[in-house]
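These notes concern the structure reproduced below.
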Amino acid sequence: MPVWWARWGCVSRNEITCCAALLEPYDLTGVTVTADALHTQRDHARYLVEEKKAHCLLVVKANQPGLHRGFRSLPWKEVTARRYDRQVSHGRKQTRVTRALTVTGLGLDFPHAVQAVRVLRHRTDLKSGKCSRRTLNAITDPTSQQASPRRLGQLVTSQWTIENRLHSVRDNTFGEDTSKTRTGHGPENMATMRNPAINTLWQHGHTNIAAGLRHAAYDPFNRPLDLLNIPRPAGLHDHRDFETPLSPHLSRARNT
């Protein structure tokens, strides 16, 4: 992220203040932009709808307490516009229920808020039987004629996919949440290194980042350079040249 900020001339290191600068070069007319709760900001909604002529679907969480309270007070039990999606894959059974409610005139104080969306996901691990439940709330500007519960559910799922694909990898594979690097610019610098590593592995077809890291580690003197399209410098030895020779006795024992 800091690389993008510098590229577009954004001096601030804050994602919120840099959002417009990052999106400015792109034609977003008619495009639906999804974003997590950090970007559920009034200025962002106005910028996307009024200046970029785009649609937006923004996640609602407690970082906007007034909006969050208003969202929870909506008459969700009376909602009839629902969509049920069921799926069995990757060893788990999943059911998603998407509810959509037109909020025009219901006092939800947020720019261009036309529909409120609530997605409830039930997931069961077929092997262990463990069940989990997750709820996502969001607001969006398209009307019910422009975006049905089915379409809104697809948009929410795409936002979940982004979160799972990047944040889950950073937390689980790289241990970002448990990292002890917390002072100064340390966390930011580490994130700057993790993101290119993840993107490079994806670009080379590694859908499992942990497996991709293991693959590169098996030949640390060559494979990382190959991933980055960097030729091996003259004089850099193969990793096997650094192995300590075994004594004849140990060599015979290993070969038997």
Side-chain angles (χ1 to χ4, degrees), residues 15 19 22-23 26-41 44-50 52-61 63-64 67-68 71-72 74-104 106 108 110-126 131-171 198-199 202 207-209:
E15 282 188 49
C19 179
L22 290 173
L23 296 178
Y26 302 103
D27 180 7
L28 299 178
T29 304
V31 174
T32 300
V33 177
T34 68
D36 60 20
L38 178 67
H39 294 285
T40 305
Q41 307 288 334
H44 289 183
R46 294 190 183 99
Y47 173 75
L48 288 169
V49 176
E50 298 172 13
K52 301 300 290 184
K53 309 302 179 185
H55 297 297
C56 60
L57 183 140
L58 306 175
V59 175
V60 176
K61 290 184 179 178
N63 64 315
Q64 290 280 353
L67 178 62
H68 191 245
F71 200 99
R72 294 180 62 183
L74 293 173
W76 290 108
K77 294 183 178 180
E78 302 174 14
V79 174
T80 57
R82 303 185 183 187
R83 167 77 182 184
Y84 294 85
D85 293 284
R86 295 177 175 87
Q87 183 181 18
V88 178
S89 64
H90 303 291
R92 58 180 180 250
K93 179 173 64 175
Q94 181 173 274
T95 301
R96 289 193 308 272
V97 183
T98 304
R99 303 181 185 184
L101 173 66
T102 299
V103 295
T104 305
L106 295 183
L108 199 63
F110 197 84
H112 303 289
V114 176
Q115 288 194 88
V117 187
R118 171 166 286 179
V119 179
L120 178 60
R121 184 185 71 187
H122 294 273
R123 177 180 288 176
T124 303
D125 188 294
L126 298 178
C131 298
S132 62
R133 170 174 167 167
R134 181 180 179 184
T135 302
L136 185 141
N137 300 322
I139 52 174
T140 188
D141 67 291
T143 65
S144 58
Q145 288 75 29
Q146 294 173 314
S148 65
R150 177 182 180 182
R151 173 59 177 161
L152 295 174
Q154 292 171 340
L155 292 171
V156 169
T157 301
S158 70
Q159 178 62 29
W160 261 332
T161 300
I162 294 170
E163 292 182 0
N164 291 337
R165 193 179 185 194
L166 179 58
H167 298 301
S168 178
V169 167
R170 285 168 55 171
D171 292 342
I198 295 170
N199 290 333
W202 278 335
T207 56
N208 186 311
I209 299 301

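Taking the side chain as every heavy atom from C-beta outward, Thr98 and Val156 never approach each other to under 4.5 Å.
In terms of the salt bridge (Lys or Arg N to Asp or Glu O under 4.0 Å) criterion, residue partners of Arg46 (sequence neighbours excluded) are, by chain and number, Asp43. Residues passing the side-chain contact (heavy atoms from CB on, under 4.5 Å) test with Thr143, sequence neighbours excluded: Val114, Gln145, Gln146. Among residues two or more places apart in sequence or in another chain, the side-chain hydrogen bond (donor to acceptor under 3.5 Å, both in side chains) test is passed with Asn63 by none. Looking at residues two or more places apart in sequence or on another chain, you find a side-chain hydrogen bond (donor to acceptor under 3.5 Å, both in side chains) between Arg96 and Thr157. With sequence neighbours excluded, the residues forming a side-chain contact (heavy atoms from CB on, under 4.5 Å) with Ala116 are Phe71, Leu74, Trp76, Val103, listed by chain and number. In this structure His55 satisfies the ring pair (Phe, Tyr, Trp, His ring centres under 6.0 Å) test with no other residue, sequence neighbours excluded. Arg83 pairs by the side-chain hydrogen bond (donor to acceptor under 3.5 Å, both in side chains) definition with Asp85, not counting sequence neighbours. His112 is linked by a ring pair (Phe, Tyr, Trp, His ring centres under 6.0 Å) to nothing, counting only residues two or more places apart in sequence or in another chain. Residues forming a side-chain hydrogen bond (donor to acceptor under 3.5 Å, both in side chains) with Thr29 (at least two apart in sequence, or on another chain): Asp27. Scanning for salt bridge (Lys or Arg N to Asp or Glu O under 4.0 Å) contacts around Asp125 gives an empty result, with sequence neighbours left out.
Screening Val79, Val119, Leu152 for a side chain to side chain contact (heavy atoms under 4.5 Å, CB included) with Arg99, the sole residue that qualifies is Val79.
Pairs of residues two or more places apart, or lying in two chains, never qualify as salt bridge (Lys or Arg N to Asp or Glu O under 4.0 Å) while including a residue from residues 139-158.
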